[in-house]
Structure formats: structure tokens, C-alpha cells
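Notes to accompany the following structure.
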Amino acid sequence: MKIGVLALQGAVAEHVRLLEEVGATAVPVKKVEELDDLDGLVIPGGESTTISKLMHKYGFMEAVQEFGKANKPIFGTCAGAILLAKQIQGQDDCHLGLMDIKVERNAFGRQKESFEVLMPVAGVAADYPAVFIRAPYIMEVGENGQVLAKHEDKIVVARSGHYLAAAFHPELTEDTRLHKYFLDMVKEYRS
Ligand code: GLN
């Protein structure tokens, strides 16, 4: 399985390393052509508005929309989840608009701009170490979606078909279990 990590901003090398560790071939993606032979894509955290601007600039917006519409799995983490969402609280427009979720940006407040907590993630782990950095949360998940984890009653991991969204940064610890879960999704959709 070949999985790309969108390399416009964010912790790209960390995602690549964890994907390799679970057995995928992982590559940073800097040009749209590089999407062609991928089986799955990770959109890392960073600043969603900045990544969105860069995606428009380098032609990734349409290309990633096509990628998703071709049933290829996409995993959005933190800002990546915001980019995937069909709805963003307080905004009329969205970015990729691929995944049927509604998100609110910077949802965990000032005191808690950054924190780490162990949490159960359904189908993934009972004690997953989640690192939140100015994280969004998922307000709503569409009809066909599943909630995989909550923190303080707020949805922080959700899946809808071949889309996976996490409000936190799964690439910033040594824990590979969420990357393994995504690799399994990629395998499922490839076969
Ligand atoms: N607050 C950022 C945004 O709104 C996301 C933060 C992150 O990816 N760590 O895009």
C-alpha cells in the first residue's frame, strides 16, 4: 500500500515514519501528479487556512477532491480534519467539503490550547495518547458516519466510509495504532 502525506505544511516526516512503521510505503506529496499512484492520503495538522491557500495555489483542491471521490481513503488530522469537513461552524464556505462532518475550530479554549490525554478510540485502542494543539472538535457526524472517540463529550475521532478525521495529532507520539487503523482502511478499499 502506498500512502501519501500532503507536504504543504505540518508534521509530514512524523506521519511518514509512523506509516512506514506499520508497513505502508509512505511518501511526502508536494506535487499533484504524485497523487496518481497512491492508495491513500494523510492531510496533516497545521493551520487550515494556510494549507487551504497552498492547496489552491498548487492545484491540490480539485485533485484531492477527485482522489476522495474515487473512493480512495483520506485521513485528516487536526487542521486536516477541518479541510475535509463539509461544514465549519461560523463559516459559509468549507475547504475540500468531502466528509460529512461539521467542525468547530479552536474548540478547546485558551487554557487548554495544548494538552495530552489517554482516551479510548473505538476499534483502535483503549488507551490512545492524544495530543491536542489548538484543536477543533467535531460537532456533528452525518448519517453514515461513526463516532470513534470523544473527549469531554466532544467528538474527536470520526469515520465516514473511506474518510477518517481526528481532532488531535496522532503523529506526535510513538503510538502507531491509529496509523495502523488507517492502513487497514486503505487495504479494505483497495481490495
Ligand atoms: N487551529 C488550527 C486550524 O484551525 C488547527 C490546529 C492544528 O492543526 N494543530 O486550522
Side-chain angles (χ1 to χ4, degrees), residues 1-20 24-108 113-114 130-139 156-160 162-173 178-179 182-183 185-186:
M1 294 300 126
K2 190 169 175 187
I3 300 179
V5 181
L6 189 65
L8 300 174
Q9 194 198 38
V12 175
E14 289 81 353
H15 274 296
V16 166
R17 187 170 57 79
L18 292 178
L19 288 165
E20 294 267 348
T25 300
V27 289
V29 173
K30 291 199 168 129
K31 297 187 197 129
V32 274
E33 307 84 78
E34 290 164 342
L35 292 171
D36 290 348
D37 63 340
L38 298 181
D39 303 303
L41 180 70
V42 173
I43 305 180
E47 189 58 40
S48 52
T49 46
T50 306
I51 301 176
S52 180
K53 275 184 203 144
L54 294 169
M55 286 181 79
H56 279 291
K57 184 171 173 188
Y58 296 107
F60 273 108
M61 217 31 110
E62 295 76 21
V64 174
Q65 280 166 337
E66 275 171 35
F67 189 89
K69 286 175 184 161
N71 262 349
K72 295 196 178 173
I74 304 180
F75 181 16
T77 67
C78 203
I82 299 168
L83 289 157
L84 275 181
K86 282 200 174 153
Q87 281 183 281
I88 302 169
Q89 170 69 10
Q91 281 179 224
D92 292 332
D93 49 353
C94 62
H95 302 290
L96 287 162
L98 287 170
M99 184 176 180
D100 197 5
I101 52 172
K102 180 173 183 178
V103 298
E104 178 166 352
R105 297 178 64 195
N106 305 322
F108 287 98
E113 282 206 332
S114 194
V131 178
F132 290 80
I133 305 170
R134 288 172 49 77
Y137 88 102
I138 302 166
M139 304 172 76
V156 292
V157 185
R159 174 174 177 178
S160 182
H162 60 299
Y163 298 122
L164 180 66
F168 50 76
H169 283 261
E171 78 286 13
L172 296 183
T173 68
L178 203 51
H179 288 82
F182 181 61
L183 175 63
M185 273 173 66
V186 173

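This is a predicted model, so every value here is computed, not measured.
- In this structure, I138 and V157 have side chains that are not in contact, with every pair of non-hydrogen atoms separated by 4.5 Å or more.
- Atom CG of residue L8 and atom OG of residue S52 lie 10.5 Å apart, to the nearest 0.5 angstrom.
- By the side chain to side chain donor-acceptor pair (under 3.5 Å) test, K30 pairs with no residue at all, sequence neighbours left out.
- Legend: residues meeting side chain to side chain contact (heavy atoms under 4.5 Å, CB included) with V32, ordered by chain and number and at least two apart, are F60, A63.
- The OH atom of Y163 sits 4.0 Å away from the CG atom of L98 when rounded to the nearest 0.5 Å.
- Looking only at side-chain heavy atoms (C-beta outward), I133 and S114 come within less than 4.5 Å of each other.
- In this structure, the separation between CG on L41 and NE2 on H162 is 11.0 Å, given to the nearest 0.5 Å.
- T50 pairs by the side chain to side chain contact (heavy atoms under 4.5 Å, CB included) definition with Q9, E47, L54, not counting sequence neighbours.
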**Item:** Worked verdict on R17 versus E171 for side-chain contact (heavy atoms from CB on, under 4.5 Å)
**Value:** CA-CA 9 Å; R17 187 170 57 79; E171 78 286 13; over 6 Å; no
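- The salt bridge (charged side-chain N to carboxylate O under 4.0 Å, His left out) check on D39 picks up R190, with sequence neighbours excluded.
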**Request:** Carefully, step by step, assess H95 and I88 under the rule side-chain contact (heavy atoms from CB on, under 4.5 Å).
**Result:** CA-CA 9 Å; H95 302 290; I88 302 169; 3.6 Å; yes
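- Residues passing the ring pair (Phe, Tyr, Trp, His ring centres under 6.0 Å) test with F168, sequence neighbours excluded: Y128, F132.
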Only distances under 3.5 Å count here; give the side-chain donor-acceptor pairs of residues 64-78 to other protein atoms, sequence neighbours excluded, each with its distance to 0.1 Å.
unit_1: Q65; atom_1: NE2; unit_2: L96; atom_2: O; d: 3.0
unit_1: K72; atom_1: NZ; unit_2: L38; atom_2: O; d: 3.2
unit_1: T77; atom_1: OG1; unit_2: H15; atom_2: NE2; d: 3.4
unit_1: T77; atom_1: OG1; unit_2: G45; atom_2: N; d: 3.4

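- Contacts classified as ring pair (Phe, Tyr, Trp, His ring centres under 6.0 Å) and involving residues 24-48 (residues at least two apart or in different chains) are not found.
- Taking all atoms of both residues into account, the shortest heavy-atom contact from A166 to A81 is O-CB, 3.8 Å.
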**Message:** Would V27 and E34 count as a side-chain contact (heavy atoms from CB on, under 4.5 Å) here? Give the steps.
**Reply:** CA-CA 9 Å; V27 289; E34 290 164 342; over 6 Å; no
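- Taking S160 as the reference, M99 meet the side chain to side chain contact (heavy atoms under 4.5 Å, CB included) condition, with sequence neighbours excluded.
- When all heavy atoms of I3 and A24 are compared, the pair lying nearest together is CD1-CB, 4.0 Å.
- In this view, K102 and Q89 satisfy the side chain to side chain donor-acceptor pair (under 3.5 Å) rule, not counting sequence neighbours.
- Of the inter-residue distances, the one linking C94 atom SG with L84 atom CG reads 10.5 Å to the nearest 0.5 angstrom.
- Qualifying salt bridge (charged side-chain N to carboxylate O under 4.0 Å, His left out) partners for D36, counting only residues two or more places apart in sequence or in other chains: none.
- Among residues two or more places apart in sequence or in another chain, the salt bridge (charged side-chain N to carboxylate O under 4.0 Å, His left out) test is passed with K53 by none.
- Residues E14 and H169 fail the side-chain proximity criterion, which asks for heavy atoms closer than 4.5 Å.
- Put simply, CG on L18 and CG on L178 are 10.0 Å apart, with the number rounded to the nearest 0.5 Å.
- Shown here for A79 and S48, the closest heavy-atom pair between the two residues is CB-N, 3.6 Å.
- Under the 4.5 Å side-chain criterion, counting only non-hydrogen atoms from C-beta, T49 is in contact with R105.
- Of all the heavy atoms in V186 and M1, the pair that sits closest is CG1-SD, 3.9 Å.
- In this structure, the separation between CG on L6 and CD1 on I51 is 7.0 Å, given to the nearest 0.5 Å.
- Residues meeting the side chain to side chain contact (heavy atoms under 4.5 Å, CB included) test with A85, sequence neighbours left out: I101, V103.
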